[in-house]
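Below: the structure, in structure tokens.
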Protein chains: 2
Amino acid sequence: MSNVTEAVGTAPVFAALGDITRLELVARLSDGKQHSIAQLTDGLDLTRQGVTKHLHVLQRAGLVSCERVGRESRFTIRPDPIAKARDYLARASAQWDDAIERLRASVEE
Amino acid sequence: MSNVTEAVGTAPVFAALGDITRLELVARLSDGKQHSIAQLTDGLDLTRQGVTKHLHVLQRAGLVSCERVGRESRFTIRPDPIAKARDYLARASAQWDDAIERLRASVEE
DNA sequence: TCTAATCGCAACCAGGAGGTTGCATAAATG
DNA sequence: CATTTATGCAACCTCCTGGTTGCGATTAGA
């Protein structure tokens, strides 16, 4: 996969993580268990509908999945996309680490 | 630093990376060298002003720095924040890897 | 069955994001 | 000095985001 293709897929993940509320939701979901909307709303200073919207953003980015059980909507974290994002940043840092190292070396020679 | 404090600082970085154009700009800047706005605009399908706005977003998030040299504004990548974001994701994945592993173990016992 | 809990959908709102255009300014160049 | 190059600032536009409220539907519990 080319860099561009990868970036196109990764950007929405970063966008989804680029909000404090959603970052908090991801943190709460990081126990790997299922959480209902009401449960996730508790302690957050916004409406259930507000939380619902954030959860849908996370879902569209592929970061969480949802399963309807009885009257509850249970959300679960989906590890893969975040792992991809992590690897993307890891490669990016490695890339400029190398570049900057080469620059420094060429200056000092 | 607490998890919340860290998230508050990291979210803007993710938000800045959550746009394909900015991701492309970061990629171009990852050679560690300085790039002018005109230079960065070349090849991107939007106006110089559009690129300028994106660069300012990156700058506000701390991802790049700008130095005025003659009539040029030269932008350089700033590795630290992205490294922080990378570490944040690395710890997050480690966290749920552990959690999921524990869940699986408790189910199988 | 009546009530409380949990949720979805739709409307609405203010503000910001992403993008453009027009114009003015400073610097390099012939 | 006249011109081109590179930029900044401001106004303007459309659309999305984050948030709310209101209401109806479904499920669980006494």
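No hydrogens, no waters, no symmetry mates; every other heavy atom, side chains included, goes into these values. A, B, ... follow the sequence lines: proteins, then strands. Residue 1 opens every chain.
- Legend: residues meeting side-chain contact (heavy atoms from CB on, under 4.5 Å) with B:Arg86, ordered by chain and number and at least two apart, are A:Leu89, A:Ala90, A:Ser93, B:Ala83.
- Each end of the helix from C:dT1-D:dA30 to C:dG30-D:dC1 yields a helix axis from five base pairs, and these two axes differ in direction by 20° (to the nearest 10 degrees).
- Note on A:Gly50: a base of the nucleic acid sits closer than 4.0 angstrom, heavy atoms only.
- The shortest distance between side-chain heavy atoms of B:Thr52 and B:His56 falls below 4.5 Å.
- Sorted by first and then second residue, the salt bridge (charged side-chain N to carboxylate O under 4.0 Å, His left out) pairs with a member in residues 28-53 of chain B read B:Glu24-B:Arg28; sequence neighbours excluded.
- A 4.0 Å heavy-atom criterion places the boundary nucleotides of DNA chain D facing chain B at D:dT5 to D:dC9, written 5' to 3'.
- Ring pair B:Phe14/A:Phe14 is parallel by interplanar angle, where below 30° counts as parallel and above 60° as perpendicular.
- Sorted by first and then second residue, the salt bridge (charged side-chain N to carboxylate O under 4.0 Å, His left out) pairs with a member in residues 74-83 of chain B read B:Glu72-B:Arg74; sequence neighbours excluded.
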For this session: If a protein heavy atom is under 4.0 Å from the base, mark B; if only from the sugar-phosphate, S; if neither, -; do that for nucleotides 6-12 of chain C going 5' to 3'.
Result: SBBB---
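- In this structure, the side chains of A:Leu17 and B:Thr10 stay at 4.5 Å or more apart for every pair of heavy atoms.
- A:Tyr88 has its side chain within reach of B:Leu23: a pair of non-hydrogen atoms, C-beta onward, lies under 4.5 Å apart.
- The shortest heavy-atom contact between B:Arg68 and B:Ser73 is CD-OG, 3.3 Å.
- For the residue pair B:Thr41 and B:Leu46, the shortest heavy atom distance occurs at CG2-O, 3.7 Å.
- Across the interface with DNA chain D, nearest-nucleotide mapping of A:Arg22 and A:Val69 shows A:Arg22 to be the residue nearer the 5′ end.
- Nearest approach of A:Ala61 to A:Val13, heavy atoms of both residues: O-CG2, 4.1 Å.
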